[in-house]
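To start, the structure under review is shown below, and the notes come after it.
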Amino acid sequence: MTLPDCPNFKSHFAELLSHALHTLSNTDLDINIEFARPKQTSHGDYSCNLAMQLAKPLRQNPHTIATILVNAMPSSPYLEKVEVAGAGFINLFLTVQTKQQFPHIVLKKNKEFGCGNYGEKKKIQVEFVSANPTGPLHVGHGRGAAFGASLCNVLTAAGFSVSREYYVNDAGRQMDILAVSTWLRYLELNGQSIFFPTAAYQGEYVRKMAQLIYKAHGNRYVHQDKPLPENLFGQKEKKEVDPEVLLDQLILDTKNFLGQDYTYIHNFVLTEQLGDCRNDLMEFGVVFDTWFPEQTLFEDGMVAHVIKLLEQKNYLYQQDGAIWFRSSDFGDEKDRVVQRENGQFTYFASDIAYHLNKFQRGFERIINVWGADHHGYIPRMKGALQALALDPSKLEIALVQFAVLYRNGVKAPMSTRSGEFVTLRELRQEVGNDAARFFYLLRKSDQHLDFDLDLAKSQNNDNPVYYVQYAHARVCSVLEQWGENSSILATVDTALLTSAVELSLLQKLIDYPEMIDVAARELSPHLIAFYLRELAGEFHSYYNSTRFLVPEVPLRLARLALIASVRQVLANGLTLLGVSAPEKM
RNA sequence: GCCUUGGUAGCUCAGUGGAUAGAGCGACCCCCUCCUAAGGGGUAGGUCGCAAGUUCGAUUCUUGCCCAGGGCGCCA
């Protein structure tokens, strides 16, 4: 017997049971027929609780129903037997021959094994990271990057046409604060004794940018011909003065003072930080199809357009000098400002324009990967979409919790503005890209991640990533010692794979495509990391219990075909996670 | 106060409306004349936060409570 393709056993069995159900009852029972993978092998390869679900509506005991269903089930070439057990479980056992086909399927499909058609080539956009270019990426951003990149890989494998996007906040107040901070440091380099506000960016990288400007242009941006604004000097931060208000005043002063030169400083720091960010992510194996600058939304009038639209639909009003959007009409707790009293549009305003733009680009699904601290932002964004008569269900938000860092058992500060944080680059250098990527995905994205830096940095050999990679390297080593062309393994006889550990390993291979499918449906790339650890574990057991390079040629070939399949699946999974699959360790 | 996410082994965390709740680390005991010991096998370790409810069945769903993280800006 050969399997034509990679069958979806669960849906196949569901059809069989559905057929049986129809012969049993005329009533239209709307029951989802689901299968579980029992922990105990004596409970079969798949088990179904359909009979228990039917017990109440049919008013019969589940065991009787199960027996009737099993007798009415059409036969399947894949099934060895079907048993009724326990309280009324229907347990299905695959034939050994069916399982033994899988090395052939895996080795024939190679990199394609696990790919599915759930996505039906639909266009889907995933926006992630999108950190403000106001400083180096920190380990929190790293989590979003690792999650987003792997999610995109999984969605691609599941058959979507994925577009990866980074939204660049190059137009906001934070960029102004960075530009001013840099200019102040630059003034210091020029011997000016000025006051540096605590609310400005304190990081060392700001001084470095100031030095770059100083080296290239000397005192060009001091504008010695006129006195510096008074606000730069002697401003003790008094308690009654809001430091943010002070900062806004400083931005205004700086813009007025520098005139056209302000644009130079602003663009310089933006280019520097964005370039740094891009390189950092590239080294981390995270690439984007589109870098979308917020600035363009202002330049091409999109923001003005969207404000006008909302105004026409009467969703805006003026109060306290600002313009508000009626997001509370759409379930938000309160209305939100779109234009500040000082005339500046808020981040929210340009974000509405951005999302209108996303919808206009024709994506069937739009996924935003946000830090969980933005969860309160969701109702107003969806509200804005509704106000614009766009379908809010097309927009899905995947929340990623920030990583909370611990150093020497103490929570490490993670503020970009204060300049105290562990950067993604530092983390990558200390634990390596592979370990960092894997570590991030070893827990659910929407869960808090307690990241003990000392442990992570010292972990190295204990890190689960090496466990998985080692399994891959071991297979490579065995195949190398075997020394023949492994392409012949795709067609060798596998009927000699009969031990418990071999059958369990075969079943694990069978599970892979379904695991990918679930990971895509649930936007959960962490499932891959868990799967790989289990597969590697079963392989290591196999390795220790069974010798592969045995003298008997047919047995040797069968076992090599199995471990070559394991290697392929490990490599495929690691690729989705953005982790390398080394041939030697 | 409101929103949100958690509370599962000593620690870090998976998992599931089903059958005997798992892994890694840590502890203890074994296994290299043998394809890489970055490995394997075993032992110990649990009131699945507490209490009600729904259900044939709840650690899983609902509600309440306790504890903890995060969010509640004319920042992004």
Side-chain angles (χ1 to χ4, degrees), chain A residues 34 36-40 42-43 47-49 52-53 55-56 61-62 85-89 91 130-132 134 167 169 171-175 177 199 244 247-248 294 319-324 333-334 336-351 371-379 399 401-402 404 411 416-417 442-444 446-452 455 459-471 473-482 526-527 529-530 533-534 536-537 539-550 556 559-560 563 584-585:
Chain A
E34 288 176 340
R37 295 281 330 280
K39 291 160 197 143
Q40 271 185 270
S42 65
H43 293 155
S47 83
C48 184
N49 65 355
M52 276 108 96
Q53 291 182 303
K56 191 161 193 182
N61 84 62
F89 291 101
N91 294 336
S130 298
N132 284 346
T134 52
Y167 183 52
N169 296 118
R173 177 170 176 269
Q174 297 301 329
M175 278 310 300
I177 296 172
E244 299 295 333
L247 215 47
D248 277 336
E294 180 186 7
Q319 186 180 305
D320 304 328
I323 297 175
W324 300 68
E333 323 178 309
K334 52 177 281 197
R336 308 290 174 175
V337 170
V338 289
Q339 191 171 15
R340 296 166 68 190
E341 196 176 359
N342 65 9
Q344 290 259 311
F345 286 107
T346 60
Y347 172 82
F348 181 43
S350 46
D351 217 14
D373 56 332
H374 283 58
H375 88 265
Y377 195 81
I378 297 172
L399 293 179
Q401 287 284 355
F402 272 3
V404 182
K411 191 173 170 181
T416 307
R417 206 113 48 105
L442 210 46
R443 40 189 49 67
K444 274 197 301 191
D446 58 351
Q447 301 305 335
H448 298 272
L449 169 56
D450 283 339
F451 204 131
D452 186 329
L455 190 68
Q459 217 168 17
N460 291 314
N461 292 356
D462 292 337
N463 197 302
V465 70
Y466 296 108
Y467 184 77
V468 177
Q469 289 180 319
Y470 186 48
R474 270 185 151 175
V475 178
C476 291
S477 173
V478 172
L479 292 177
E480 193 184 329
Q481 287 174 52
W482 173 55
H526 75 279
L527 293 175
F530 283 95
R533 211 167 50 169
E534 287 166 16
F539 168 76
H540 286 308
S541 268
Y542 186 38
Y543 184 96
N544 273 65
S545 70
T546 312
R547 196 170 168 79
F548 310 137
L549 295 174
V550 290
R556 183 201 302 165
R559 287 176 177 169
L560 290 176
I563 66 168
K584 282 193 169 65
M585 286 178 74

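Protein chains get the first letters and strands the later ones, always in sequence-line order, with residue 1 at the start of each. The structure presented is a predicted model; accordingly, all values stated were derived computationally and were not measured.
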Exercise. How long is the line joining CZ of R37(A) and P of G22(B), in whole Å?
Worked result: 15 Å
For this session: Grab the CD-C1' distance between Q401(A) and G69(B) for me, whole Å please.
Result: 8 Å
For this session: Pick base, sugar-phosphate or nothing for S350(A), based on heavy-atom distances below 4.0 Å to the nucleic acid.
Result: nothing
For this session: Please examine the side chains of L399(A) and D373(A), heavy atoms only from C-beta on, and report whether any two atoms are closer than 4.5 Å.
Result: no
Exercise. Tell me: CG of D446(A) to C1' of A14(B), nearest whole Å?
Worked result: 13 Å
Exercise. V478(A) side chain: which of C3(B), A76(B), C35(B) is closest?
Worked result: C35(B)
For this session: Determine the contact category for D320(A): base if any of its heavy atoms lies under 4.0 Å from a base atom, sugar-phosphate if only primed atoms, P, OP1 or OP2 are that close, otherwise nothing.
Result: base
Seminar exercise, completed: Assert: residue with more 5' nearest nucleotide on RNA chain B, out of F548(A) and T346(A), is F548(A)
Problem set entry | Options G69(B), C75(B), C74(B), nucleotide nearest the side-chain atoms of H448(A) | G69(B)
Exercise. Looking only at atom C1', what distance separates G57(B) and A19(B), rounded to whole Å?
Worked result: 11 Å
Exercise. So, for E341(A) and A322(A), which heavy atoms are closest and what is the spacing to 0.1 Å?
Worked result: N-CB, 4.1 Å
Exercise. Among side-chain atoms of S350(A) and E294(A), is any donor-acceptor pair under 3.5 angstrom?
Worked result: yes
Exercise. So, is S541(A) near the phosphate of G41(B), with a side-chain N or O under 4.0 Å from OP1 or OP2?
Worked result: yes
Exercise. Which atoms form the tightest heavy-atom contact between N91(A) and S47(A), and what is the distance?
Worked result: OD1-CB, 3.0 Å
Exercise. Can you tell if the side chain of Q401(A) reaches within under 4.5 Å of the side chain of L449(A), non-hydrogen atoms only?
Worked result: no
Problem set entry | Nearest-angstrom distance, P atom, G10(B) to G71(B) | 31 Å
For this session: State, yes or no, whether a side-chain contact exists between R533(A) and L442(A) at a heavy-atom distance under 4.5 Å.
Result: yes
For this session: Using a heavy-atom cut-off of under 4.0 Å over every strand shown, decide if E341(A) touches base, sugar-phosphate, or nothing.
Result: base
For this session: Using the C1' atom as the reference point in each nucleotide, state the distance between G26(B) and A9(B) in Å, no decimals.
Result: 11 Å
Problem set entry | Contact check, side chains of Y543(A) and I563(A), non-hydrogen atoms, under 4.5 Å | no
Exercise. Side chains of Q53(A) and E34(A): does their closest heavy-atom pair fall under 4.5 Å?
Worked result: no
Exercise. Which is true for H374(A) with a 4.0 Å heavy-atom rule: it touches a base, it touches only sugar-phosphate, or it touches nothing?
Worked result: base
For nucleotides 8-12 of chain B, list the nitrogen or oxygen atoms of the protein found under 3.5 Å from its nitrogen or oxygen atoms, one pair per line.
| residue | atom | partner | partner atom | Å |
| --- | --- | --- | --- | --- |
| U12(B) | O2' | R443(A) | NH2 | 2.9 |

Exercise. Which comes earlier along RNA chain B counting from the 5' end, the contact point of A55(A) or that of Y542(A), where each point is its nearest nucleotide?
Worked result: Y542(A)
For this session: In whole angstrom, give me the gap between the P atoms of A68(B) and C28(B).
Result: 35 Å
Seminar exercise, completed: Heavy-atom closest pair (P62(A) atom, A87(A) atom, distance to 0.1 Å) is CB-O, 3.5 Å
Seminar exercise, completed: Considering only heavy side-chain atoms of R173(A), the closest of A76(B), G69(B), U4(B) is A76(B)
Exercise. Considering Watson-Crick and G-U wobble pairs with both distances under 3.5 Å, what does A21(B) pair with?
Worked result: none
For this session: Can you figure out which of C35(B), C2(B), G24(B) approaches the side chain of R533(A) most closely?
Result: G24(B)
Problem set entry | Gap between atoms CZ and P, on F530(A) and A14(B) respectively (whole Å) | 6 Å
Problem set entry | Sequence-distant partners of R37(A), salt bridge (charged side-chain N to carboxylate O under 4.0 Å, His left out), two or more places apart | D511(A)
Exercise. Which listed nucleotide (G40(B), C3(B), C56(B)) is nearest to the side chain of H540(A)?
Worked result: G40(B)
Exercise. Considering every strand shown, what is the Watson-Crick or G-U wobble mate of A51(B) when both distances are under 3.5 Å?
Worked result: U63(B)
Exercise. Can you tell which of A76(B), G17(B), G24(B) lies closest to the side chain of N49(A)?
Worked result: G17(B)
Problem set entry | Minimum-distance nucleotide to H375(A) side chain [options: C56(B), G40(B), G71(B)] | G71(B)
Exercise. Given the C1' atoms of U59(B) and U54(B), what is the spacing between them in whole Å?
Worked result: 16 Å
Exercise. Using the C1' atom in both, what is the distance from U63(B) to G22(B), to the nearest Å?
Worked result: 29 Å
Seminar exercise, completed: Separation of C75(B) atom P from D248(A) atom CG, nearest Å, is 7 Å
For this session: Could you check which nucleotide pairs with A68(B) in any of the strands shown, counting Watson-Crick or G-U wobble with both distances under 3.5 Å?
Result: U5(B)
Exercise. Do the side chains of T546(A) and R559(A) get nearer than 4.5 Å, heavy atoms only?
Worked result: yes
Exercise. If the P atom of G41(B) is compared with that of A23(B), how far apart are they to the nearest Å?
Worked result: 10 Å
Exercise. Paired with C74(B): which nucleotide, if any, by Watson-Crick or G-U wobble criteria at under 3.5 Å for both distances?
Worked result: none
Problem set entry | Gap between atoms OH and C1', on Y543(A) and C35(B) respectively (whole Å) | 4 Å
Seminar exercise, completed: Y377(A) OH to G73(B) P, in whole Å, measures 14 Å
Problem set entry | Given C56(B), C74(B), C35(B), the nucleotide with the shortest approach to the side chain of L549(A) | C35(B)
Enumerate the protein-to-nucleotides 19-21 of chain B contacts in which both atoms are nitrogen or oxygen and the separation is below 3.5 Å.
| residue | atom | partner | partner atom | Å |
| --- | --- | --- | --- | --- |
| A19(B) | N6 | S47(A) | OG | 3.3 |
| A19(B) | N6 | N91(A) | OD1 | 3.0 |
| A19(B) | N1 | N91(A) | ND2 | 3.3 |
| U20(B) | O4 | Q40(A) | NE2 | 3.1 |

Exercise. Nearest of G39(B), A76(B), A14(B) to any side-chain atom of N544(A)?
Worked result: G39(B)
Exercise. Nearest to the side chain of Q174(A) - C75(B), C35(B), G40(B)?
Worked result: C75(B)
Exercise. How close or far is atom P of C75(B) from atom OH of Y347(A), stated in whole angstroms?
Worked result: 14 Å
Exercise. Has Q447(A) got more than 12 heavy atoms of other residues, nucleotides or ligands less than 6.0 Å from its CD?
Worked result: yes
For this session: Could you check if a side-chain atom of T134(A) sits within less than 4.5 angstrom of a side-chain atom of I177(A), using non-hydrogen atoms only?
Result: no
